[in-house]
Structures are given as structure tokens and as C-alpha cells.
Protein chains: 2
Amino acid sequence: MSSKLEFRKLPPLKALKGFEAATRHQSIRDAATELCLTHPAISHQVQLIEGALGVQLFAQEGRHIVSTEEGRVLYPYVRSAFESLLEGVEAVHRHALDKPLRVQTYVTASIRWLARRVPQFLHAHPEIKLTLSTCAVEWDFDDIHADVGLVYCEGVPDPAKFHWVPLFEYALFPVCSPGLLQKIGPDPSLAGLMQQPLVAIYTEVQNWDAWFTSAGTVFEPKVPYLMVDTLAVALEMALNGEGVALVNGPFVDQDLATGRLVRPFDHVATCPGSWGLICRKDMKDNLRIRTFIDWMTAHVANPG
Amino acid sequence: MSSKLEFRKLPPLKALKGFEAATRHQSIRDAATELCLTHPAISHQVQLIEGALGVQLFAQEGRHIVSTEEGRVLYPYVRSAFESLLEGVEAVHRHALDKPLRVQTYVTASIRWLARRVPQFLHAHPEIKLTLSTCAVEWDFDDIHADVGLVYCEGVPDPAKFHWVPLFEYALFPVCSPGLLQKIGPDPSLAGLMQQPLVAIYTEVQNWDAWFTSAGTVFEPKVPYLMVDTLAVALEMALNGEGVALVNGPFVDQDLATGRLVRPFDHVATCPGSWGLICRKDMKDNLRIRTFIDWMTAHVANPG
DNA sequence: AGGCATTGGTAAAAGAAATTGACCTGTTCG
DNA sequence: CGAACAGGTCAATTTCTTTTACCAATGCCT
């Protein structure tokens, strides 16, 4: 490891910005303007450095200032220090971009939402790499193995730890194949729907109850559930005409648009909470993460 | 002139010290110790930079911290920035030493005090160059053309503008040649002295009066003054036996030691104020100036 | 010349930081 | 298991920065 630096000899670093700008402009006021400060601030910063070095850096010439010889000697070193720092910042950002952005979400959101949008995102930002990983059904955002998560949250995640950007509502509505809808009848009733094979998800059995309740009926299933473990499977079944699935987000837009799935009822049960993007609070300004979140937010607002 | 730097992208400069030390030690606490701070300070500095860059720089590994890849990428740039600054500070100091130190004083102090000491000083500090300039009788320290002045001040110069180091008292005592003393008589009286040709300086005629008064007599000169414009000339006259001169500082030590001059009376009239070194307050930490003042102070305290 | 805009410097006050102290959590080691 | 240790957190303090007014000096323009 490198040896200790003699920090004691360093002038006040913050004031160096003022010196740099003042030297470049040969003007206290112009330097102040550039740095969005007032001229006494720059004046003071310069005096701080002069005091620290025990050397005069500027001389008053008429009503202007002129760098002294010492000032001219010092300038290139300060300049190159700043340039080195800027290079460092750039290098870190380049490096940060090189590492793939790790996105995690549930199976269904991955298959039926992200799978279609991630390629567009990557096309818009070819400098960013991305790994998409899918995780078990019951899952909390895992900030060790992921940078961003697309998750459903009932409330708002602890703002002290997480940055949370809601994307869309947790809206429940049933879907089925056009064939099944015909079988049920052209103008189905809630009671009629209850007699169809309903596809339910282990962990969200209560959703059917919630939907029927919000639609104004007591839910009394006439036929056993088809129990599956993820919505993706439920939808597959619905697509195959095996039953009616209950969708909890914008995961069937494409199928509805193409007519592969239809909505037997218009009723939507809006549940508390929402789908959104989550990341560690202290990572929210990470360039890749911010880019991803911004792009997805804009995409949802205006699906272009 | 060089182009504008993008300061907005710079991380908080002050905190970079903390990052540098923390990276070097791979330890928050050790960094804190090195910088004479407490560990929360370093912790905070590191987090500041992480926030500014939107990147994690350290990862907790067990109870220690380890630089992340980003931290390792950033470090060399920060390091070289600091090194550049340190070089700059050195260059300025070297340069400051290259410029001759401009010392000003009155004719007599120059001839009879500095002329003997400056060579010793230059010998002790061969890296320092020096120009000694002598100025008119009535003279205030001129901070445009001089770095340091050896001057007599009745009070203390405005401490807001000047750095003032008293060196010795303004002590008046008469001297003459051994020949003249013999002529006056072996055990002279004040009245007898008054009958000798007294050498006075235009601008300090009142000094003789002050001396006789403090010696306990009313000054009533019996013989016209020999009026000259500087003490140096007065002393030359005294050396030649032409009269009695009144010395106002340690300007005849050598002549007294060798016996070329003698003091007809032991009485010394100490006047208010003193001789001392003066420089601009904002220059007092200038390396050459500080070195000069320190050396002279030590020399007066212990003439070695 | 004389008035006026411009440039810096100065000092006190306000405002924004960094830093500390006290406390907490988790890890390691005997 | 408990003591020693490494870091993190938060509020309170202290320390810097910056600003707001004000001044003096310079140069420009009638």
C-alpha cells in the first residue's frame, strides 16, 4: 500500500476551486459568477490559501487582480489535481457502467412484463449491461444480489433504507380465453363465473374472494380451484382455455390486445399497495440504477 | 487560458482526504487516527463521496471494510491529485525562496548593524537570497518595495496590517573618541559635556535634550551643534574626535569593544518605542520572511 | 473635472458544513 | 459466552462558508 501523504501541508481543498477559477479569469467577480458564489466568498477563499502557503497569489493592479509569480507557479499543479479527480470520477462511472445492472423480480413480472421491455431499454442505453433474475414466490428485495427490484408492496418500504418508485396499481381482474368465454355464455353473470374452473395462486388465494367481494357478491366457489404457484402458470392455463385467471397487474396487455385473452367482466378490484421499482436508498443515484428507473418510469407514463 | 473545469462533477474535496486514508488503511478508525478525527467523521466523509458519485466505495466484510472495485478504481486518481497539490505547494515554496528577500532599513542600521549580520544569516541559510536597501531618513515601512523592514517605532504598528517583532530598545547614550574624552577630562561632568561639540541629527535634535533631562540636568548647550543628517555620519565624526554623538541603539558595540569609541557617561536614556522588524501581516508566514525574522530574533537573544 | 459604474476588500451575521459524543449492532477471539 | 473491537447512526455542537452591507480605489464617460 502506498505511503502516507503529508496532509498537513495541503492547503484548504475547498478553497482551491476559488483559486483555480480566480486565476483562470484573473478576476474575483468572474470566478464568483462561475462558481455561483458572491465575490467576498472567493476573496476569502483566496486569502485562506495565501495564508496557508504564506505566499501572495494575487496582486492588485489598478482595479483588477493579477496572478503573482507564485500564483502562476501554483496554478498548473492545482489544475492537474482537479483534472485527475475528474478523470477518476469518470473512470468510476465508466467502471460502474461496465458492471451489469442486476434486476430482480417475480417470475410473472419477469416473463410477462420485463421480458418485453428490457430489450427496449438496452437498445436505448447500449452502454448498460443487465442481468435479469427471477426469484421465488415469497420474496423480499435482496439488496445483496440485486441492484433493482420490480416488486409489489402493500405499503411503502422503509424510506430510510430503500428508494421506492411506484409504477402501477395492484389491480385485479379476471381473464380467460375467448373459447371459454363463449362456453360461459355471451353475457356472463358473477354466479356463472363462479361455476367455472378458477385458477388460483397458492399464496394469493384470497384474491378471488377480494375480487368477488368488491364486485358485490359473496364468493362461494362451485368448482374446485386450479391451484398453481405463479400467475405465469395461471395465465398459461387461461390461454389454453382451462379456466379463468385473476391478473394483478399489467401482465396481459399483449394478450388482450391480440384477443388471445378476454375479460369476461370489466370490473377491476383495486387493492392497496402497488407494483414499483425498489433499490437501496444509498444506491439511488447510481448512474445505471437511476437510468433504469427513469427509463421505466417514463415508459410506464408513456408506453410509446 | 485553460478552459473551464466541470466543478459540478467534483466530489466534496474535503472528504477526499478521508477516502484516501480509509482506502490506504482499509480501516475507518485508522484513517480517523491518522487525520486526528473521530471515526464517525471519516464514516461520514466516505458516505458523502459515495453519495456524490452514486457508487459504493467500501463494503463491510466481517467487522472490517474493504474497498470495492469502484473504490480501487478511484483511489489512484485521488492519490495523484493530492500528490500534484503537494508538489505545487513545494514548487511555490521553492520559488518563494528563489526570489530575493527584500530588506529595508535606515542608513545607520544598515551600515552599523545589518551589514555585519546579514552575511552570517546568509551563511546560515544559503538557500535564501537577499537584497538590502537603505532609505531616506524619514521613512515608513514600504510594503511594496520591501518584504521586511528594520525600523524604529514609537508605538506598535497597526496589528491589522503589520506583523511587528521588537528587537531592542531605543536607548540613548553619548559616545566619543578616547582622545576627546581625554581632552574633556578624566572624570567628566554633565556640564563639561555640554561644552563639547555635540553632534546632532536634524530629525532628532530633541534627543540630546531628552538625554540630559533624563540624566538630571537642564540642557543648555554652550557650543553650537554639529548638525548632520544621519547617525552614521555623526558616528564618523565621533570616531574622528570631532565631537560627541548620541547613539540610539546597538550601533556601536563593535567600536566600544575595540576601544575606538568610549562612553563618557554610563547613563542611558531609554525612550518609548523600540527597534524591530516589520512585515505585512499577510506575509508573516512567508518562509523567507519567517526564517529571517526568526534568525534575527534568535541572534539578538543570543548573539553567539 | 466630476459623476458613475466597476472591481476588490472588510466585517458581522446568517447559514451550512463538518465533527463529536453517546449509543447501537454485529463480528471475532479466547 | 463475554470482552474487545470495527463500524454505523443520530442529535448536538462546533467550525467553516457564505452572504449582506458597506467602503475605498480605479477608470470610464460625459
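As the structure is a prediction and not an experimental result, all values here were calculated from the model.
Of all nucleotides in DNA chain C, those with any atom nearer than 4.0 Å to a heavy atom of chain B start and finish, going 5' to 3', at C/dA18 to C/dT28.
Residues A/Leu13 and A/Leu16 meet the side-chain proximity criterion, which asks for heavy atoms closer than 4.5 Å. Between B/Val46 and B/Phe58, some side-chain heavy-atom pair lies under the 4.5 Å cut-off. Side-chain atoms of A/Ser133 and A/Val103, non-hydrogen and from C-beta on, never get closer than 4.5 Å to each other. In this structure, B/Val156 and B/Phe162 have side chains that are not in contact, with every pair of non-hydrogen atoms separated by 4.5 Å or more.
One finds the NE2 atom of B/His125 at 9.5 Å from the CG atom of B/Leu287 (value rounded to the nearest 0.5 Å).
Applying the side chain to side chain donor-acceptor pair (under 3.5 Å) criterion to B/Thr108, with sequence neighbours excluded, gives no partner residue. The side chain to side chain donor-acceptor pair (under 3.5 Å) test applied to A/Tyr77 returns no partner, not counting sequence neighbours. A search for side chain to side chain donor-acceptor pair (under 3.5 Å) contacts involving B/Ser84 returns A/Ser80, not counting sequence neighbours. Under the side chain to side chain contact (heavy atoms under 4.5 Å, CB included) criterion, B/Leu86 pairs with A/Leu5, A/Lys9, A/Leu10, not counting sequence neighbours.
Here side-chain hydrogen bond (donor to acceptor under 3.5 Å, both in side chains) pairs that include residues 147-156 of chain B, with residues two or more places apart or in two chains, are B/Arg102-B/Asp147. Pairs passing the side-chain hydrogen bond (donor to acceptor under 3.5 Å, both in side chains) check and including a residue from residues 52-67 of chain B, sequence neighbours excluded, read B/Gln26-B/Ser67.
By the 6.0 Å contact criterion, CD on B/Glu83 is enclosed, its count of non-hydrogen atoms from other residues, nucleotides or ligands being greater than 12.
Scanning residues 39-46 of chain B for heavy-atom distances under 4.0 Å to DNA chain C yields B/Pro40, B/Ala41, B/His44, B/Gln45.
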Using a cut-off of under 3.5 Å, enumerate the N/O to N/O pairs linking the protein to nucleotides 13-16 of chain D.
none

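Overall, the helix from C/dA1-D/dT30 to C/dG30-D/dC1 carries an axis bend of 30° between its ends, with five pairs at each end and the value rounded to 10°.
Rounded to whole Å, the distance from CD1 on A/Ile28 to C1' on D/dC23 is 17 Å. Atom CD in B/Gln60 sits roughly 7 Å away from atom P in D/dG7 (whole-Å rounding).
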Protein-proximity profile, nucleotides 24-30 of chain D, B/S/- by nucleotide at the 4.0 Å heavy-atom cutoff, equals --BS---
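A donor and an acceptor atom, one from each side chain of B/His163 and B/Arg280, are nowhere located under 3.5 Å apart.
A salt bridge is defined here as a Lys NZ or Arg NE, NH1 or NH2 lying under 4.0 Å from an Asp or Glu carboxylate O, and B/Lys99 with A/Glu69 fails to meet this definition.
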Quick one: side chains of residues 28-37 of chain B, donor-acceptor pairs under 3.5 Å with protein atoms, not counting sequence neighbours, listed by atom name and distance.
from: B/Thr33; atom 1: OG1; to: B/Arg29; atom 2: O; distance (Å): 2.9
from: B/Glu34; atom 1: OE1; to: B/Arg24; atom 2: NH1; distance (Å): 3.0
from: B/Glu34; atom 1: OE1; to: B/His25; atom 2: NE2; distance (Å): 2.6
from: B/Glu34; atom 1: OE2; to: B/Arg24; atom 2: NH2; distance (Å): 3.0

